[in-house]
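Reviewing the structure listed below.
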Amino acid sequence: MTRPVPSDQPEPRPRRRDRHGRGMRGPIAPPQVPLSVSRAESFIDLVQDSAERLERRWPQLSGVDFTVLEVPVTGVGGGADAPSGHGLDGHPPHGPGLTDGWDGESVPLGRFIAARGDAPDRIVIYRRPVEIRTKNRDERALLVHEVVVEQVAELLGLEPESVDPRYGQE
């Protein structure tokens, strides 16, 4: 049996620097940062979290459709005034009440639409007005929850403080 003759060249080492001497490229962002989540998806997650939190306390909310629209609609009909957004199920919103106008004096942050025909009760949260009124994600999460609580209170015919005891405290 013959043994191979060891070569004089050392075994290749892992590169510690790139060929320009600047060091290895690292990750673009830390692993805990979701790179592919858009602002709209993040907002839908906030609404969904708030709805789920309230559904644990109020089981009758399981039949309510929580929807996110970009902005309130300023008239009746389709075309430029048609709603753009997504329901929490990932499908575009549809049904009665979504294209009803508002008073035009103040921009609403959310809206409760009572059930009509086959359409369930619906709570609509308007993404852009909420985002404009907040500076960061924590403020946005608080405002989204307050708006959802207010709309659920209107649906249930209760005061917001009785829907969520922490309403207005955070």
Could you check Val107 against Arg133 for side chain to side chain contact (heavy atoms under 4.5 Å, CB included), going step by step and ending with a plain yes or no? CA-CA 11 Å; Val107 178; Arg133 286 169 176 77; 4.0 Å; yes
CA sep, side-chain torsions, deciding dist, call: Arg53, Asp164, side chain to side chain contact (heavy atoms under 4.5 Å, CB included): CA-CA 10 Å; Arg53 191 163 119 189; Asp164 185 4; 3.5 Å; yes
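A donor-acceptor pair is defined here as one N or O able to donate and one able to accept, closer than 3.5 Å; such a pair exists between the side chain of Asp121 and the backbone of Ala115. A donor-acceptor pair under 3.5 Å links the side-chain atoms of Glu139 to the main chain of Lys135, judged by distance alone.
Using a 4.5 Å cut-off on side-chain heavy atoms (C-beta onward), Trp58 and Leu158 make contact. No side-chain heavy atom of Pro72 sits less than 4.5 Å from a side-chain heavy atom of Arg111. Counting heavy atoms from C-beta outward, Val124 and Gln151 have side chains that stay 4.5 Å or more apart. Contact of the Phe66 side chain with the Ile125 side chain is not registered, since no non-hydrogen atoms from C-beta on lie closer than 4.5 Å.
Scored by the side-chain contact (heavy atoms from CB on, under 4.5 Å) test, Ser62 finds no partners at all (sequence neighbours excluded). By the side-chain hydrogen bond (donor to acceptor under 3.5 Å, both in side chains) test, Glu150 pairs with Tyr167, sequence neighbours left out. By the side-chain hydrogen bond (donor to acceptor under 3.5 Å, both in side chains) test, Arg57 is found to be paired with no residue, residues two or more places apart in sequence or in another chain being considered. For Arg140, there are no salt bridge (charged side-chain N to carboxylate O under 4.0 Å, His left out) partners, not counting sequence neighbours. Remark: Asp138 pairs with Asn136 by the side-chain contact (heavy atoms from CB on, under 4.5 Å) rule, at least two apart or across chains. Residues passing the side-chain contact (heavy atoms from CB on, under 4.5 Å) test with Ala141, sequence neighbours excluded: Leu46.
Of the inter-residue distances, the one linking Leu54 atom CG with Ile123 atom CD1 reads 8.5 Å to the nearest 0.5 angstrom. Residue Arg39 holds its CZ atom at 13.0 Å from CZ of Arg137, rounded to the nearest 0.5 Å. Taking OG from Ser38 and CD1 from Ile44, the interatomic distance works out to 7.5 Å, rounded to the nearest 0.5 Å. Separation of atoms CG (Leu109) and CZ (Arg128) is listed at 13.0 Å; rounding is to 0.5 Å. How far CZ of Phe112 is from CD of Glu154: 6.5 Å, rounded to the nearest 0.5 Å. Note that the CG atom of Leu61 and the CG atom of Leu155 stand 6.5 Å from one another [nearest 0.5 Å].
Taking 4.0 Å as the cut-off between side-chain N and carboxylate O, Arg56 and Glu52 do not count as a salt-bridged pair. Electrostatic pairing of Arg127 and Glu70 counts as a salt bridge here, judged by a charged N lying under 4.0 Å from a carboxylate O.
With no hydrogens or angles considered, no side-chain donor-acceptor pair links His145 and Arg166 at under 3.5 Å.
Across Val130 and Phe43, no two heavy atoms sit closer than the pair CG1-CE1, 3.6 Å.
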